[in-house]
Protein chains: 2
Amino acid sequence: MSANREKDGPQSQEGQAGQDGQDGQEKEQPRRRQARGERRIAQLLEAAAAVFTTTGYSAASTNAIAREAGVSPGTLYQFFPNKEAIAIELGGRLMRQMRETYGEALAPVDPTTSLEEAVTAAVDRFIAFNCEHPVFFTLMHGPDVPGRMAEEHDALHATLLGRIEALLSSLLPDADPAELNRTAQMCLGLYKTGLELVLAHEGAEREAYVRELKHVLIRYLAPLVGDRLGRAGTPGPAPTA
Amino acid sequence: MSANREKDGPQSQEGQAGQDGQDGQEKEQPRRRQARGERRIAQLLEAAAAVFTTTGYSAASTNAIAREAGVSPGTLYQFFPNKEAIAIELGGRLMRQMRETYGEALAPVDPTTSLEEAVTAAVDRFIAFNCEHPVFFTLMHGPDVPGRMAEEHDALHATLLGRIEALLSSLLPDADPAELNRTAQMCLGLYKTGLELVLAHEGAEREAYVRELKHVLIRYLAPLVGDRLGRAGTPGPAPTA
DNA sequence: TAGAAACGCGAGCGATCGCTCGTGTTTGCC
DNA sequence: GGCAAACACGAGCGATCGCTCGCGTTTCTA
């Protein structure tokens, strides 16, 4: 019978493929996509987003994604070399979209803005984006994302860290760099926690958690900024609109 | 997806305690363990803790756990009906140990203790426990834990939430219950984030993050407690260097 | 209109994983 | 010593999953 197990296999194509000839120069595959193909890709990415959001990355099966998109597994692999590539492409598109739409969220360190204004602006933008694209949280903060995705996450993490550090150092020019880094790490972590709670609720409750998150960040940073930008003791009447 | 097993094995007496006699000893188990067996169980749980910590729950294979313990897969299943039971038992033992050792961490709401003292005591205890048992974080906050484990997590979450709410309401008797719940949720989330950062570092850096976490909690709660327990405006000597 | 290429299908391959089973060894008790 | 139960082993079953392959269909191009 064909029930011959324990076939150790001579290492065969277990090399996980990855990308053919990815090392060094990127060998582009001149695949001419038709309009129908582009439509399928968008359709598949949308389906993947849904499946990833509900089940997470590693628990999501490619067959499930294909089924969600209403196509066969073979069709899926017509457009993506493997499962990881789907997440990469999806994450990449979201990253690009985020940069285009909210790229300047943390950039301007206008010295005339108060701490509350800065926090409110940054939090509102990022929260809005993540509420609109819940997959983003799954792909970025998910624990089971593949190696290539983790790189993308680390890159985003480093970028945000750098921006927060820059913003903080402009408020605290004489701070210890190590302390600054810790504070920035803490801010990112606090934001992540708040985002998790925000995504877990809806409507008025969600907005309440957004306010709470802002309070956390402002109260955490206010004593550091101190009287430099002043008036951060009690955020007073609802800072959000 | 999972637990699709329809072939109920012969010894499917897997009532496995829990249900009713939760705190009593486990009856229903006609299996007389010898001293050797108890040793094996401890050995297997230790191996499982190591594997879970490094690879997470769902990515950990039972064969890997058995290998780590130096036994065969068959031996592992001599003591545990399935993979989930290993995590359950491990989590249960850790929970019990935590309750025994640090059970009173959040319990006393001594009106003479200040906010800083309460936060410091609670954080120090829980951080210490989690640093000593890193698996606990993986099992509790891991995203891929099985259903039964999630229940245990939810139970712990609810317990901690209740204690925090009680503690807060003793400081804010006239607070809105919904607001109180949100604040407690936020505190737990902040703690979780801080714990994540603490576990990711070592030595002096780790201690610095512990301090930072305390600052976050104290500064977040101080304005709420206000002048009730007083002197929470600026948490003592310069928080930063 | 003919040929090529992109698109589409779905059965199924190869590998892994949770778990079992038949068999042999050790331990506790009489 | 004798016997039953607990312990130990490891090949392998059954199921799933990522992915492939052969072949049929649609679309583009000349």
Side-chain angles (χ1 to χ4, degrees), chain A residues 1-20 29-44 48 51-52 55-87 144 146, chain B residues 1-12 14 29-44 48 51-52 55-67 69-87 144 146:
Chain A
M1 282 68 104
S2 57
N4 188 0
R5 292 285 147 183
E6 209 238 344
K7 185 93 170 273
D8 205 3
Q11 181 81 311
S12 59
Q13 59 272 52
E14 220 280 316
Q16 196 63 16
Q19 303 278 22
D20 45 341
Q29 198 163 352
R31 179 85 162 194
R32 278 183 51 233
R33 305 250 86 114
Q34 302 177 352
R36 184 173 34 148
E38 298 291 349
R39 248 180 286 126
R40 275 271 181 268
I41 289 179
Q43 186 182 8
L44 283 164
V51 177
F52 285 156
T55 70
Y57 172 78
S58 62
S61 82
T62 55
N63 288 9
I65 295 175
R67 202 182 315 120
E68 173 82 17
V71 304
S72 80
T75 296
L76 186 151
Y77 283 93
Q78 191 96 196
F79 303 101
F80 298 99
N82 51 51
K83 178 173 156 183
E84 181 174 349
I86 304 175
D144 50 1
Chain B
M1 305 216 245
S2 58
N4 196 8
R5 205 146 292 275
E6 57 194 352
K7 168 101 172 236
D8 255 351
Q11 82 270 21
S12 69
E14 69 133 16
Q29 192 105 0
R31 183 80 161 196
R32 285 175 43 231
R33 303 251 91 111
Q34 302 178 349
R36 184 172 37 146
E38 296 292 348
R39 249 179 286 127
R40 275 271 180 268
I41 290 179
Q43 185 183 9
L44 283 165
V51 177
F52 285 156
T55 69
Y57 172 78
S58 62
S61 81
T62 55
N63 288 11
I65 295 175
R67 203 181 314 119
V71 302
S72 80
T75 296
L76 186 152
Y77 283 93
Q78 192 98 186
F79 302 101
F80 299 99
N82 51 50
K83 178 174 156 182
E84 180 174 349
I86 304 175
D144 50 1

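Order of the sequence lines sets the chain letters (A, B, ...), proteins ahead of strands, with each chain counted from 1. Because the structure is predicted, anything quoted here is derived from the model rather than measured.
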Item checked: Nearest listed nucleotide, side chain of A/Phe79, among C/dC7, D/dG18, D/dG10 -> C/dC7
Check: Whole Å only: how far is the CZ atom of B/Phe80 from the P atom of C/dT20?
Finding: 15 Å
Note to self: Looking at every heavy atom in both A/Asp144 and A/Ala59, which two are closest together, and how far apart are they?
What the structure shows: OD2-N, 4.5 Å
Note to self: Please encode protein proximity along nucleotides 24-30 of chain D as a string of B, S and -, counting only heavy-atom distances under 4.0 Å.
What the structure shows: --BSSS-
Margin query: I want to confirm an ordering. Mapping A/Val71 and B/Glu84 to their closest nucleotides on DNA chain C, which one lands closer to the 5' end?
Written below: A/Val71
Next item on the list: Give, for atom CD1 of A/Ile65 and atom CD of A/Gln43, the distance between the pair rounded to the nearest 0.5 Å.
Entry: 13.0 Å
Note to self: Tell me every residue that passes side-chain contact (heavy atoms from CB on, under 4.5 Å) with A/Gln78, counting only those two or more places apart in sequence or in another chain.
What the structure shows: A/Arg31
Notebook entry, point to check: Base, sugar-phosphate, or nothing: which does B/Gly37 touch, judged by heavy atoms less than 4.0 Å apart?
Noted result: sugar-phosphate
Notebook entry, point to check: DNA chain C: B/Ala59 or A/Gly70, which has the more 5' nearest nucleotide?
Noted result: A/Gly70
Next item on the list: May I have the distance from A/Lys83 (atom NZ) to D/dC17 (atom C1'), rounded to whole angstrom?
Entry: 8 Å
Next item on the list: Report the distance from atom CG of A/Asn82 to atom C1' of C/dA15, rounded to the nearest whole Å.
Entry: 16 Å
Note to self: How many whole angstroms separate atom CZ of B/Arg67 from atom P of D/dA8?
What the structure shows: 18 Å
Next item on the list: Kindly indicate whether the side chain of B/Thr62, heavy atoms from C-beta on, has any atom under 4.5 Å from the side chain of B/Tyr77.
Entry: yes
Next item on the list: Decide whether a cation-pi geometry holds between A/Lys83 and A/Tyr57; the criteria are a distance under 6.0 Å from NZ or CZ to the six-membered ring centre and an angle within 45° of the ring axis.
Entry: yes
Next item on the list: Would you mind classifying the nucleic acid contact of B/Ala64 as base, sugar-phosphate or nothing, using non-hydrogen atoms under 4.0 angstrom?
Entry: nothing
Margin query: According to side-chain contact (heavy atoms from CB on, under 4.5 Å), who are the partners of A/Glu38, at least two apart in sequence or on a separate chain?
Written below: A/Arg33, A/Ile41
Notebook entry, point to check: Run the side-chain contact (heavy atoms from CB on, under 4.5 Å) check on A/Ile86 and A/Phe79 step by step: do they pass?
Noted result: CA-CA 9 Å; A/Ile86 304 175; A/Phe79 303 101; over 6 Å; no
Next item on the list: May I ask you to verify if any side-chain N or O of A/Thr62 is less than 4.0 angstrom from the OP1 or OP2 atom of D/dC17?
Entry: no
Margin query: Applying a 4.0 Å non-hydrogen cut-off, can you work out what B/Ala66 is touching in the nucleic acid: base, sugar-phosphate, or nothing?
Written below: nothing
Next item on the list: Indicate whether OP1 or OP2 belonging to C/dC7 is found under 4.0 Å from a side-chain N or O atom of A/Arg33.
Entry: yes
Notebook entry, point to check: What integer distance in Å separates B/Glu38:CD from C/dT27:P?
Noted result: 16 Å
Item checked: Listed nucleotide nearest any side-chain atom of A/Asn63, set C/dG18, C/dC7, D/dG18 -> D/dG18
Next item on the list: Would you mind reading off the distance between A/Tyr77 atom OH and C/dG14 atom P, rounded to a whole angstrom?
Entry: 17 Å
Check: If only side-chain N and O atoms of B/Thr75 are considered, is one of them under 4.0 Å from the OP1 or OP2 phosphate oxygen of D/dC9?
Finding: yes
Next item on the list: Start with the C-alpha gap between B/Leu44 and B/Val71, add the side-chain angles, then the distance that decides, and say whether side-chain contact (heavy atoms from CB on, under 4.5 Å) holds.
Entry: CA-CA 9 Å; B/Leu44 283 165; B/Val71 302; 3.8 Å; yes
Check: Looking at D/dC19, C/dG18, D/dG10, which one has an atom nearest to any side-chain atom of A/Pro73?
Finding: D/dC19
Checklist line | Whole angstrom value for the distance that separates P of C/dG18 from CZ of B/Phe52 | finding: 9 Å
Note to self: If the cut-off is 4.0 Å, is A/Arg40 near the phosphate of C/dG8, judged by side-chain N/O to OP1 or OP2?
What the structure shows: yes
Check: Separation of A/Gln78 atom CD from D/dC23 atom P, in whole Å?
Finding: 16 Å
